[in-house]
Amino acid sequence: MKITFLGTGTSDGVPMVACGCRVCRSRDRRDNRTRTSAMIEHEGKRIIIDTGIDFRAQMLRHRVNRIDAIMLTHPHADHVFGLDELRQYNRIAGTIPIYANRYTIGEIHTRFGYFFNPPQRGGGVSDIDLIEMKRPMQVCGLTVTPLPVRHGILDILGFQIEDTAYITDASFIPETVLKKIRGCSVLVLNALRYRKHPTHFNIAQAVAIAEQVKAKHTYFVHMTHDVMHRELVRELPRGMAPAYDGLSLTV
Ligand SMILES: [Zn+2]
Ligand SMILES: [Zn+2]
Ligand SMILES: [Zn+2]
């Protein structure tokens, strides 16, 4: 399977609006981070993990002409506000299955109530089928295991897709999950910035988790404008690197 990092930025994106800091002004394209999202491709099928505010731009950038499934980690705006852009994909592929936990499904019902109960017939609305993921499931021919993690006080999901673990926006990973993903081929993990944060791992915490997991390769995502790509590359231990928009790996 192939994994492509569609976005690697925190909720503000980088550059951030109305900011002139050195990272926001950087000419290194790896410092240009849209909101965190990834695409998994396997035997001609495509799964998108999180559909944030930059979803449309990411689909155009990668010329994605069909989506077969979506997996949502949690319902924050930077992870779900692109759901309104599914209409064209519905015309191509019909109803799109979305895998998420119960909390996220409840929030999607509230925020996107008009998908389920349109006030009038008109421009059309996204057509989705919300499927609760409580245990390992087959998605587009891949075995996907939900990884329950904490984002502050919120219970959100990471996903293990075959031998790749994808965890974003976490601030705590339970021992049972760490055990499950130990020694995986690829670990994708959020690392917000150098300073601590109440609801996201900072870089030091993410490195400590990565050292426990001991994946063959670890890639960090969901970074703010405090992080200069080329500096972080030099600072990280072997086997760990910041991801960047457009990076793709065959696992
Ligand atoms: Zn986020
Ligand atoms: Zn900035
Ligand atoms: Zn979040």
Side-chain angles (χ1 to χ4, degrees), residues 5-39 48-58 70-85 98-108 110-112 133 146-159 165-174 177 187-203 205-206 209 219-232 242-245:
F5 293 89
L6 301 174
T8 55
T10 190
S11 57
D12 286 310
V14 183
M16 186 162 84
V17 290
C19 182
C21 79
R22 66 190 190 110
V23 176
C24 287
R25 283 185 290 113
S26 166
R27 290 205 185 156
D28 184 340
R29 67 179 179 88
R30 298 169 306 177
D31 287 320
N32 199 307
R33 307 181 182 112
T34 59
R35 268 46 79 90
T36 292
S37 170
M39 174 164 66
I48 307 292
I49 306 179
D50 288 335
T51 49
I53 299 160
D54 293 314
F55 174 71
R56 176 175 174 275
Q58 292 163 343
I70 292 170
M71 306 198 296
L72 297 178
T73 59
H74 69 298
H76 281 163
D78 55 322
H79 298 262
V80 303
F81 273 18
L83 284 179
D84 203 56
E85 311 281 5
I98 300 190
Y99 299 86
N101 70 7
R102 203 188 167 91
Y103 159 62
T104 298
I105 288 176
E107 291 288 311
I108 298 295
T110 310
R111 288 177 205 194
F112 298 95
M133 190 181 265
L147 304 173
V149 298
R150 280 270 169 83
H151 179 13
I153 59 163
L154 304 176
D155 288 311
I156 70 165
L157 283 190
F159 299 102
Y166 184 98
I167 296 172
T168 188
D169 289 58
S171 55
F172 174 75
I173 303 179
V177 169
L187 169 65
V188 178
L189 184 62
N190 60 293
L192 190 73
R193 61 183 188 193
Y194 295 92
R195 282 175 296 134
K196 282 204 170 168
H197 188 277
T199 63
H200 298 84
F201 289 135
N202 68 357
I203 291 164
Q205 291 165 326
I209 295 281
Y219 293 92
F220 295 118
V221 296
H222 212 281
M223 293 164 289
T224 72
H225 66 158
D226 290 345
V227 179
M228 177 77 87
H229 185 94
R230 67 181 153 79
E231 291 174 0
L232 186 56
Y244 55 88
D245 286 29

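Just so you know, ligand 1 is whichever comes first in the structure, and atom 1 is the first atom listed for that ligand. Residue indices begin at 1 and follow the sequence shown.
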Which N, O or S atom of Asp78 lies nearest to the Zn ion (ligand 1), by name: OD2

Angle at the Zn ion (ligand 1) (to 10°), with one arm to NE2 of His79 and the other to NE2 of His222: 110°

Apex the Zn ion (ligand 3); atoms Asp169 OD2 and His74 NE2; angle rounded to 10 degrees: 90°

Identity of the N, O or S atom of His225 lying closest to the Zn ion (ligand 2): ND1

Test item: side-chain donor near acceptor, Thr8 and Asp245, under 3.5 Å: yes

Sub-4.5 Å side-chain heavy-atom contact between His222 and His79: yes

Degrees at the Zn ion (ligand 3) between the NE2 atom of His151 and the ND1 atom of His76, nearest 10°: 90°

Side-chain touch Leu6/Ile48, heavy atoms, less than 4.5 angstrom: yes

CZ/Arg102: more than 12 non-hydrogen atoms of other groups inside 6.0 Å: no

pair Thr51-Ile98: side-chain heavy atoms closer than 4.5 Å: no

